Amino acid sequence: MNLTTITWNVNSIRSRLGHLQQLLREQQPDVVMLQELKCEATEFPHLEIQAAGYHAALVGQKTYNGVAVLSKQLGRVVANALPGDDSDTQARFIDVELPGGWRAISVYVPNGQEVGSDKYAYKLNFLRRLHTYTQGLLASEAKVLIGGDYNVALTDVDVHDPKTWQGQILCSPAERQAVYGLLHQGWRDTYRQLHPDAHEYSWWDYRSGGFERNLGLRIDYILASPTACDRLQSSAILREPRGWDKPSDHAPVVAGFIVF
DNA sequence: ATGGTGGTTCGACCA
């Protein structure tokens, strides 16, 4: 038995519903972590997702953000916001407990706009809050997956042109250090675990033909707890959906796990 | 190229 999981920043679920349905048909994932729904819960395409065979747990927001966990088996929402800042009302985090000792978190880390900006400070603070939250999760034996758009390219291998991007947003030392902090806690980057040297990207700017010229960055990850990573079987970045008609600017990232 | 494209929403913002 295999548990197939996907993380995908869809850049509006209503604009991308057809692509999502095709992805679900083709990949038959058990768990899907979505980011940038860009809609309230009432506007979420509940019927279509249910018709595809999935339960949906989500945090919605008008115009911006919004995250969801889709699962074939019914889950239970453990948290619908990242603790640590009561003034933060952005829909960027949902933690769902699933049957069989699995747990799936969908996270949309702030972009940060520009190094040194207010949004950059918010991004670093969000990553600190995430670090605090994830520390507690490792104490349990739960098989935890944290899938999301981290908006950080971890190393220069994850960047098409490291010189141009050096020190820029998505690549600056402080944000890289913050995500490394998660790895130091014990979380594993499932894609890099199985493809140590691959230069593959998960996001390409819409502008200037970024995808056609492969000017990409790898900023979407499925991090796994050690107990989950013990069962890691496969991982991939699905380039194809990025080439579909009117695509998201992100590619889905897959991780497969053995289930006994 | 102080640009470029796309989503939301209808001017401006976010990415």
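The figures that follow rest on heavy atoms only: side chains count, while hydrogens, waters and symmetry mates do not. Remember, it's a predicted structure, so these values are computed and weren't measured experimentally. Each chain gets a letter, A, B and so on, in the order its sequence line appears, and its residues count up from 1.
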Practice prompt. State which of dG4(B), dT8(B), dC14(B) makes the closest approach to the side chain of R207(A).
Written response: dG4(B)
Practice prompt. Whole angstrom is fine here: how far is it from CG in L215(A) over to C1' in dG4(B)?
Written response: 12 Å
Worksheet entry | Which nucleotide in dA15(B), dT8(B), dG7(B) has an atom nearest any side-chain atom of T63(A) | dT8(B)
Discussion item. How many whole angstroms separate atom CD of Q35(A) from atom C1' of dC14(B)?
Written reply: 16 Å
Item to complete: Rounded to the nearest angstrom, tell me the gap between atom CZ in R14(A) and atom P in dT8(B).
Response: 6 Å
Worksheet item: Given dC14(B), dT5(B), dA15(B), which nucleotide is nearest the side-chain atoms of Y108(A)?
Response: dA15(B)
Item to complete: Specify the separation, in whole Å, of atom CG of N65(A) and atom C1' of dA15(B).
Response: 11 Å
Item to complete: Tell me which of N111(A) and S208(A) sits closer to the 5' end of DNA chain B, going by the nucleotide each one is nearest to.
Response: S208(A)
Worksheet item: Relative to each other, are the rings of W8(A) and H19(A) parallel, tilted or perpendicular (30° and 60° limits)?
Response: parallel
Discussion item. Donor-acceptor pair, distance only, cut-off 3.5 Å: does the side chain of R213(A) make one with the backbone of S208(A)?
Written reply: yes
Worksheet entry | Under 4.0 angstrom between S15(A) side-chain N/O and dT8(B) OP1 or OP2 | yes
Worksheet item: Rounded to whole angstrom units, what separation is found between the CG atom of D205(A) and the P atom of dA15(B)?
Response: 13 Å
Worksheet item: Is the backbone N or O of D249(A) less than 3.5 Å from a side-chain atom of Y206(A), with the two atoms forming a donor-acceptor pair by type?
Response: yes
Practice prompt. Send over the distance from E36(A) CD to dT5(B) C1', rounded to a whole Å.
Written response: 14 Å
Worksheet entry | Pairing partner of dG6(B) (Watson-Crick or G-U wobble, both distances under 3.5 Å) | dC14(B)
Worksheet entry | Whole angstrom value for the distance that separates P of dG6(B) from CG of N9(A) | 16 Å
Worksheet item: Taking the side chain of K119(A) as heavy atoms from C-beta outward, which of dA15(B), dT8(B), dG6(B) is closest to it?
Response: dA15(B)
Discussion item. Could you tell me how far apart H250(A) (NE2) and dG6(B) (C1') are, to the nearest whole angstrom?
Written reply: 12 Å
Worksheet item: Can you tell me how far P in dA15(B) sits from the matching atom in dT2(B), rounded to whole Å?
Response: 23 Å
Discussion item. If you compare every side-chain N and O of R16(A) against the phosphate oxygens of dG7(B) (OP1, OP2), does one of them come in below 4.0 Å?
Written reply: yes
Discussion item. Can you confirm whether more than 12 heavy atoms, excluding those of Q193(A), are under 6.0 Å from its CD atom?
Written reply: yes
Practice prompt. Taking atom C1' in both dA1(B) and dC10(B), compute the distance separating them and give it to the nearest angstrom.
Written response: 28 Å
Practice prompt. Let me know, please, whether K62(A) or D249(A) comes out on the 5' side of the other along DNA chain B by nearest nucleotide.
Written response: K62(A)
Worksheet item: Would Y108(A) and F93(A) count as a close aromatic pair, with their ring centres under 6.0 Å?
Response: no
Item to complete: Looking at every strand, decide which applies to R92(A) at a 4.0 Å heavy-atom threshold: base, sugar-phosphate, or nothing.
Response: sugar-phosphate
